Number of protein chains: 2
Amino acid sequence: MRERICSAAMDLFLREGFERTSIRRIAAAIGYTPGAIYSYFGDKDDILYAIHEQGFARLGLLLHTLDGGGLSARERFERLGELYLRFAFENPQYYDLMFIKDRTAKKIEELGQWDVGLDTYDFVRAVVRESMRDGALPTGDVEAATFALWASVHGMASLVIRSRCKMIPPDALSTVVAEAYRWTMRAMPAQEPAHPPRARGRVRRSGR
Amino acid sequence: MRERICSAAMDLFLREGFERTSIRRIAAAIGYTPGAIYSYFGDKDDILYAIHEQGFARLGLLLHTLDGGGLSARERFERLGELYLRFAFENPQYYDLMFIKDRTAKKIEELGQWDVGLDTYDFVRAVVRESMRDGALPTGDVEAATFALWASVHGMASLVIRSRCKMIPPDALSTVVAEAYRWTMRAMPAQEPAHPPRARGRVRRSGR
DNA sequence: AGCTTCGATAAACACCGTTCAATATGCTGA
DNA sequence: TCAGCATATTGAACGGTGTTTATCGAAGCT
């Protein structure tokens with residue numbers, strides 16, 4: 001039943017946008033009265049939260065396709081941002097819920113459930129750390145580098161999703177984004193491995 | 001009168017947030033009835049739009065303090081992002097209106113008034129172009145590099161403003177952001193000037 | 001004084017999220 | 001088979017929202 005509500009809600013979010021999706025409409029879409037929904041969700045933002053969880057499950061699945069591909073640390077690092085951007089542009093409504101919408105953050109705070117997104121962040125941090133250890137990135141503050149990478153791709157995604165890129169011709173947008181990401185990557189050059197053979201071997205093996 | 005409405009609205013936005021600021025409350029704050037407001041603004045989002053314009057005026061003023069300081073292209077480039085971030089963190093509600101909120105973008109689209117933000121973007125692009133010509137940045141696609149820089153700082157600002165950084169201890173947040181920006185800057189190294197003396201002279205003089 | 005003009009009002013409309021007493025439904029035990 | 005119970009659902013209500021519009025009142029002009 002929670003499932004039915006969620007999928008009806010997401011359906012309406014996609015077609016009408018969140019603000020125009022009322023509890024009454026969600027209820028009508030599944031043939032119920034508004035009050036019924038409150039037996040399954042405490043309030044409207046609880047539905048948002050449930051969908052946001054689904055979104056993180058999807059994103060997690062996508063990012064973990066990086067595991068076991070026999071990729072070098074540098075390849076993993078570069079693919080990570082690409083996958084993140086792909087998720088954002090293929091699921092803009094999910095992305096909005098997960099990383100932009102105010103109400104989601106408010107609900108997360110209310111529930112104190114930060115771990116949903118934290119897993120994903122830990123994964124990114126681990127990739128950055130590995131990349132540094134492997135010489136695929138200049139060494140430095142892991143926390144800051146992780147945040148810098150995340151901010152960069154989130155910035156691109158959220159500017160596009162929230163329609164702030166109208167100065168770029170729509171048909172050129174995707175290539176500008178791709179080019180900007182390439183620029184960001186090129187700007188973070190691979191260094192000489194710190195301790196070449198053992199480190200790379202260890203990383204390769206543990207990444208199996 | 002429009003001024004009085006705007007400042008009352010901004011006052012309430014600051015204290016209560018946009019969603020909880022109703023036309024009725026704005027009207028009450030200046031001693032009018034709700035209907036009166038509609039003699040001065042077509043709808044609620046027109047107030048948003050007016051405030052967003054003020055925000056861009058402020059930001060423009062701040063960024064143009066870079067002019068005439070006798071700064072090198074590289075310094076201008078680095079300071080640009082710092083000023084942008086400063087604006088965002090000192091005026092988070094303005095920033096939200098200008099670069100994150102959905103309804104602002106919708107209203108801009110409705111009015112077809114993209115030039116407000118375009119001036120600012122042109123300024124950033126010009127700084128990037130100058131930096132490349134001056135060898136303060138690796139040369140390459142100006143459009144992509146501008147977007148990459150903007151996305152990077154916007155990403156940091158919007159993640160913080162929309163409360164997505166709870167995995168970073170609050171008291172460490174500002175240093176992580178600063179460190180991440182330094183990382184981004186360090187990752188975009190200055191190159192040898194393309195045509196050193198004449199070019200630098202020209203830039204210096206025109207920047208007066 | 002009469003007339004016009006125009007800003008402000010009050011009331012209404014159609015929504016919204018949310019609550020809750022009342023009811024319908026389906027299941028259990030006798 | 002039927003009473004009783006528990007649970008799922010309803011429908012109406014509350015207080016709010018953005019927005020529209022007929023009406024009013026005061027000021028300005030002839």
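In this text the structure is predicted, and so the values were computed from the model without any measurement. Note that these values count all heavy atoms, side chains included, but never hydrogens, waters or copies made by symmetry. Order of the sequence lines fixes the chain letters, A, B, ..., with proteins taken first and strands second; residue numbering starts at 1 for each chain.
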Dump the intermediate steps for ring pair (Phe, Tyr, Trp, His ring centres under 6.0 Å) on A:Phe13 and A:Tyr94, then the final yes or no.
CA-CA 10 Å; A:Phe13 290 170; A:Tyr94 269 115; 9.7 Å; no
Side-chain ion pair, A:Arg74 and A:Glu78, N-O less than 4.0 Å:
yes
Please list, in 5' to 3' order, the outermost nucleotides of DNA chain C lying under 4.0 Å from any heavy atom of chain A.
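Range of nucleotides within reach of chain A: C:dC16 to C:dT19.
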Listed in order of residue number, which residues of residues 17-43 of chain A have a non-hydrogen atom at under 4.0 Å from DNA chain D?
A:Arg24, A:Tyr32, A:Thr33, A:Gly35, A:Ala36, A:Ser39, A:Tyr40
Apply side chain to side chain donor-acceptor pair (under 3.5 Å) to the pair A:Tyr32 and A:Arg4, showing each step before the final yes or no.
CA-CA 11 Å; A:Tyr32 280 77; A:Arg4 278 217 290 165; 3.3 Å; yes
Parallel, tilted or perpendicular, judged at 30° and 60°: which one describes the rings of A:Phe56 and A:Phe99?
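Rings of A:Phe56 and A:Phe99: perpendicular, over 60°.
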Over 60° means perpendicular and under 30° means parallel, so tell me whether B:Tyr84 and B:Tyr95 are parallel, tilted or perpendicular.
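Judged by the thresholds at 30° and 60°, the geometry between B:Tyr84 and B:Tyr95 is perpendicular.
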Going through the distances and angles, do A:Ile26 and A:Ile47 end up as a side-chain contact (heavy atoms from CB on, under 4.5 Å)?
CA-CA 11 Å; A:Ile26 298 173; A:Ile47 304 177; 4.3 Å; yes
Output all residues satisfying side chain to side chain contact (heavy atoms under 4.5 Å, CB included) with B:Met167, sequence neighbours left out; order by chain, then residue number.
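Applying side chain to side chain contact (heavy atoms under 4.5 Å, CB included) to B:Met167 gives A:Leu118, A:Tyr121, A:Trp150.
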